[in-house]
Amino acid sequence: MTGPERREIEQKWQQRWQDDRIFAVDLAKADHKFYHLNMFPYPSGNLHVGHWYNFAVSDIAARAVRRQDKTVFNPMGFDAFGLPAENAAIKHGLDPAAWTEQNISSMRTQLQSTGASFDWSKEIATCRPDYYRWTQWMFLFMYQHGLTEKREAPVNWCPKDQTILANEQVVGGKCERCGSEVILKKLPQWVFKITDYAERLLKDVDALDWPEKTKTMQRNWIGRSEGAYVEFSLADTPDTRLKVFTTRVDTLYGVTYLVVAPEHSLTPKLTAEGHTEAVEAYVESASHKSELERTELQKQKTGVFSGSYAIHPLTAEKLPIWIADYVLATVGTGAVMGVPAHDERDWEFAKKHDLLIVAVIHPATGEVNANQVVTEPGKLINSAEFSGQTSEEAKQTIVAKLKELGLGQPAVTYRLRDWVVSRQRYWGAPIPIVYCGTCDTVPVPAAELPVLLPTDVDFKPTGESPLARSESFSHTTCPRCGNAARRETDTLDTFVDSSWYFFRFLSPDNTAAFTDQALAKKWLPVDLYIGGAEHSVLHLLYARFFTKVLYDHDLSPVSEPFQKLRHQGTILGPDNQKMSKSKGNVVDPDALVAEHGADVVRSYLAFMGPYNQGGPWHQGGLVGVERFFNRVERLVIESAAASSEVGDSAGRERHSVIKKVTEEIAELRFNTALAALMAWANNLEKRGASREDQEALTSLLNPFAPHLTEELWQHLGHEPYLALAAWPEFDNSLTVEDRVIVVVQINGRLRGSFETQRQQSEAALIRQARQIEAIQHYLTGEPKKTIVVPDKLINFVI
RNA sequence: GCCGGGGUGGUGAAAUUGGUUAUACACGAAAGACUUAAAAUCUUUUGGCCGCAAGGCCGUGCGGGUUCGAGUCCCGCCCCCGGUACCA
């Protein structure tokens, strides 16, 4: 078949699948559910090869499972809020809604052209009012349960996008979207208190069937650390206490100074007379530095003395308090105790600023050395009654003592920070809050949702939300007292939209609730979730958080949304770079499909290499797949089937191929599954295919080449659809050859081999091996040792 | 720096728990068949070196080691990719 011929039959079958709605699932009736989900795409308007890799290749797994006595729900939708639409609006004066819907409709067509077996009857798009109504409802739900609040917070500010980014959205100190250097700024923002769930988000990672790598990343991101809070009274105002967090309370006697972050709320109070100017200048300069600059680049530890002192809780010594930006306000308590002898950062800081260094730990290995920082634990010295204890013991005993004095307690902190969800952007779900002069902050009643996005909006980014400039939107009445009031004009981070969409797919038209509870109970969790590794932290963590919150209030049947997760790799341009328009290395799948057909393109992508690996696009091997399909066609159509099995081993080969392909697809190892089919087809071509062979070959190839195989299936005299026909079965006892080749080694070197019946005794195998002439030549006496691997090899050591 | 993952032919890549002769399956290349010709298809060859051949030697980033046996395990090193960032 030529490419255009393929296109013709592909369009025919796609039309039939669509007309007969064969992939639409009646969720209420279905048995043996299998929720197959791809991370839904942003509707950029153009499908590139990477999309094909995600959606068309993972469809192979969905199609195989569907035929294995499962009802597969494989929905598709669009993560449709976000910056590109707004940028298009700013640049070209387009309406973001219309622009997005147009992209959706062209992407839908393109996605259908892949032959992927999506259930389009459940399509969602997060930018539609019937969806974001429930995103807003989620916000209110969080509000109701005390999991959201407006908080003045130092936030990452992207000067180019004029918006705030969550800490997690800052990549290497730069804006994840545009790459601009991010600066710190203090603004009132709505946050979700994801840190309330830190412990559970951490603990529940263990039981997930996810790549170990991804689980490790989640754990590291949450970053639990165990230690203690220690409180230091100020020398001048003993009522005021400075609280620090430390994981090394065993080094408490080595504290020679304290450091607070420049943004710490006590900084002004701590600044003593005569130091104001220096401190203010320092705080000012620190605000211009990004977190990255402060924490990473800086080898030189800058800082300024505040002029005030704190009292050591156990020795009552006076400790100077410094302001330094290597301490971050958002981490721990925003203040640390300086133990230069036993912490590298403190050591550097103390050396630079001539602060006292007191060693209090004798390292387990080596000697106390005044010129060296010792970070490993050991035995305490110079620590009053605690001297002689190990670090481990002292961590307990010192905290106990502090607790007794009311100056400390054990504590656990997390690296995870609360999730700032406010965005000063137009194209997102408006935050459903009203500010009233009398009633203060009032949530919009759920019945009044959605709070619709206005259309009379000036999009230009000024740092203020575009919605603030819409009179019709910002002016409203208070839902509580009816007086004139003002709406919140920020919109929600798009990660909020995608944190609950897998619930919505189950009942996208539901107007009574965000999802149908009976269906949720039946269909969740997602059985297989497939998406890029770049979402290892953010999206997956947020979705888990949402699911847990809903679970806690009986609105989710599960506390984890994604039972099994797998990543697909990234397809790079031929130049081994990420595909992008500016680099001109984007591979256009439409042209490939026009020339070779969808079956060839999706199968070639599957054949390229391990699915989780991705790699640069090379077109070279594409023709190999095309040739293979032509060979299959010949095997099924042109050559008459051998009337019966050609022999016992032919049947065995078929059974073992069925087994292999079935197992490989289940593990998403599409490349080796296809290789097994190719190798088998090569053999069939030589020996002739039986009717059973032809059917099995067609059937097994179906997930890869769904169109071609429907055609062949029909040719074999079956009714459509192969897409719904039972998956071929195999008899495990027939998947192994009854004869094996056993190799014979002398000292690990291959010297001969013989074919024999499998599963023989060691003695029988050795006897046969010794009959080989070449072996007799080497093996004159008794071997020193004989190793026998049943059915495989014999090694005589002489 | 740290944490993950990886380094196998000209190319994409195979190889249960260490167990055959590493390199399956493809691509590319070379030669041949068919053809007026081309395309398509088919056949053969294709890790390197030496050799007319038989055959031999070397070979999974580099150097050691364990083992009867190592692509697979251990130690040290080099390089590439992803994540992360002074976390107290």
Side-chain angles (χ1 to χ4, degrees), chain A residues 2 171-173 211-217 219-221 223-225 227-228 230 244-249 251 259 291-292 294-299 301 324-328 330-339 343-346 348-349 413-417 533-534 536-537 569-570 572 576 604 607-610 612-625 627-628 630-631 634 663 669 671-682 685 740-753 783-798:
Chain A
T2 63
V171 176
E212 234 5 90
K213 174 189 161 160
T214 309
K215 290 164 73 163
T216 303
M217 282 169 73
R219 290 188 191 109
N220 291 345
W221 193 266
R224 183 181 200 273
S225 56
V230 182
V244 308
F245 176 76
T246 179
T247 55
R248 289 299 304 276
V249 72
T251 64
V259 188
E291 209 165 283
L292 183 78
R294 283 171 55 166
T295 58
E296 176 189 23
L297 299 177
Q298 213 178 315
K299 293 290 171 222
K301 300 260 177 295
D325 65 8
Y326 77 93
V327 173
L328 303 174
T330 48
V331 177
T333 62
V336 304
M337 56 187 217
V339 188
D343 182 282
E344 269 173 55
R345 290 153 301 164
D346 297 346
E348 277 174 46
F349 189 78
T413 62
Y414 300 89
R415 178 188 177 280
L416 182 71
R417 301 174 203 175
E534 67 274 17
S536 292
V537 177
T570 311
L572 303 170
N576 205 15
Y604 174 58
F607 185 59
M608 269 178 37
N612 59 9
Q613 186 179 294
W617 169 265
H618 295 292
Q619 198 157 327
L622 198 94
V623 292
V625 174
R627 285 176 196 152
F628 168 58
N630 287 335
R631 221 174 317 146
R634 260 177 274 129
E663 289 172 355
R669 287 194 292 255
N671 54 332
T672 45
L674 211 38
L677 287 172
M678 286 173 171
W680 186 37
N682 289 346
E685 212 163 35
V740 288
I741 291 169
V742 175
V743 292
V744 187
Q745 297 179 330
I746 301 290
N747 289 344
R749 289 226 158 223
L750 182 84
R751 296 300 180 194
S753 66
K784 224 163 51 186
K785 196 170 167 188
T786 305
I787 284 111
V788 179
V789 182
D791 296 339
K792 278 187 179 152
L793 86 99
I794 295 163
N795 187 11
F796 295 113
V797 184
I798 56 175

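Note that the structure is predicted; figures quoted are calculated from it, not measured.
Across the protein-nucleic acid pair, Leu677(A) atom CG and A26(B) atom P stand 11 Å apart, rounded to whole Å. The distance from atom CZ of Arg669(A) to atom C1' of A15(B) is 12 Å, rounded to the nearest whole Å. The nearest whole Å value for the distance from the CG atom in Asn220(A) to the C1' atom in G82(B) is 14 Å. If you take CG of Asn630(A) and C1' of A26(B), they are 15 Å apart, rounded to a whole angstrom. A straight line from CD of Glu663(A) to P of A15(B) spans 13 Å, rounded to a whole angstrom. Distance, Glu685(A) CD to C25(B) P: 14 Å, rounded to whole Å. To the nearest angstrom, P of U11(B) lies 14 Å from OH of Tyr604(A). Spacing between atom CD of Gln613(A) and atom C1' of C80(B) amounts to 13 Å, rounded to whole angstrom units.
Close to A14(B), at under 4.0 Å from its OP1 or OP2, lies a side-chain N or O of Asn671(A). Distances shorter than 4.0 Å separate some side-chain N or O of Ser225(A) from OP1 or OP2 on A88(B). At least one side-chain nitrogen or oxygen of Arg627(A) sits closer than 4.0 Å to the OP1 or OP2 atom of C27(B). Contact annotation: Arg415(A) reaches the phosphate of A85(B) (side-chain N/O to OP1 or OP2, under 4.0 Å). A close approach under 4.0 Å does occur between a side-chain nitrogen or oxygen of Arg631(A) and OP1 or OP2 of A26(B). Remark: Gln619(A) is not in phosphate contact with C27(B), judged by side-chain N or O atoms under 4.0 Å from OP1 or OP2.
For Met678(A), the side-chain atoms get nearest to A26(B) when compared with the rest of A26(B), G28(B), A14(B). Taking every side-chain heavy atom of Ala679(A) into account, C25(B) is the closest of U41(B), C25(B), A15(B). Comparing atom distances between the Met608(A) side chain and each of G12(B), G28(B), G19(B) picks out G12(B) as nearest. Closest to the Thr672(A) side chain, of the nucleotides G19(B), A14(B), U84(B), is A14(B). Considering only side-chain atoms of His618(A), the nucleotide from A85(B), G12(B), C25(B) that sits closest is G12(B). Residue Arg417(A) places its side chain closer to C87(B) than to any other of C25(B), A13(B), C87(B).
For the P atoms, the distance from G19(B) to G69(B) is 15 Å, rounded to whole Å. Taking atom C1' on both C75(B) and U23(B), the two are 28 Å apart, rounded to the nearest angstrom. Using atom P as the reference point in both A70(B) and U60(B), the two lie 11 Å apart (nearest Å). Using P as the reference atom, C57(B) and A22(B) are 12 Å apart when rounded to the nearest Å. Atom C1' of C73(B) sits at a distance of 12 Å from the matching atom of U17(B), rounded to the whole Å. Separation of the P atoms belonging to G59(B) and G65(B) is 14 Å when rounded to the nearest angstrom. On the P atoms, C49(B) is 38 Å away from G1(B), given to the nearest whole Å. Here the separation of U20(B) from G12(B), taken at their C1' atoms, is 27 Å to the nearest Å.
Using the Watson-Crick or G-U wobble rule with both distances under 3.5 Å, G1(B) pairs with U84(B). Across the strands present, G47(B) finds its partner in C58(B); the criterion is a Watson-Crick or G-U wobble pair with both atom distances under 3.5 angstrom. Partner assigned to G10(B) is C27(B), using Watson-Crick or G-U wobble distances below 3.5 angstrom. Nucleotide C42(B) has G32(B) as its partner under the Watson-Crick or G-U criteria, with both atom distances under 3.5 Å. For G63(B), the paired nucleotide is C75(B), the pair qualifying as Watson-Crick or G-U wobble because both relevant distances are below 3.5 Å.
Between Tyr604(A) and Trp617(A), the angle of the ring planes goes over 60°, which puts this pair in the perpendicular group of the 30/60° scheme.
Taking all atoms of both residues into account, the shortest heavy-atom contact from Thr251(A) to Met337(A) is OG1-CE, 3.8 Å. In this structure, Val230(A) and Val249(A) approach most closely via the heavy-atom pair CG2-CG2, 4.1 Å. Of all the heavy atoms in Phe245(A) and Ser225(A), the pair that sits closest is CZ-O, 3.6 Å. Summarising the geometry of Phe349(A) relative to Ala324(A), their closest heavy-atom pair is CE1-CB, 3.7 Å, with the distance given to 0.1 Å.
Inspection of the Arg631(A) and Asn682(A) side chains reveals an N or O donor paired with an N or O acceptor under 3.5 Å.
Counting any heavy atom pair closer than 4.0 Å across all strands shown, Asn682(A) reaches sugar-phosphate atoms only and no base atom. Note on Val744(A): nothing from the nucleic acid sits closer than 4.0 angstrom, heavy atoms only. When heavy atoms are screened at a 4.0 angstrom cut-off, Tyr414(A) is found touching no nucleic acid atom at all.
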Between protein and nucleic acid, restricted to nucleotides 66-73 of chain B and to nitrogen or oxygen atoms under 3.5 Å apart, what atom pairs and distances do you find?
residue: C68(B); atom: OP1; partner: Lys785(A); partner atom: NZ; Å: 3.2
residue: C68(B); atom: O2'; partner: Asn795(A); partner atom: ND2; Å: 3.4
residue: C68(B); atom: O2; partner: Asn795(A); partner atom: ND2; Å: 2.4

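To the nearest 0.5 Å, atoms CH2 (Trp680(A)) and CG (Leu677(A)) are separated by 7.5 Å. Atom OG1 in Thr786(A) sits 8.5 Å away from atom CG in Asn795(A) (nearest 0.5 Å).
Partners of Arg219(A) according to the salt bridge (charged side-chain N to carboxylate O under 4.0 Å, His left out) rule, which considers only residues two or more places apart in sequence or in another chain, are Asp206(A), Glu212(A).
Nucleotide G55(B) carries an anti base; the chi torsion (O4'-C1'-N9-C4 or O4'-C1'-N1-C2) is more than 90° from 0.
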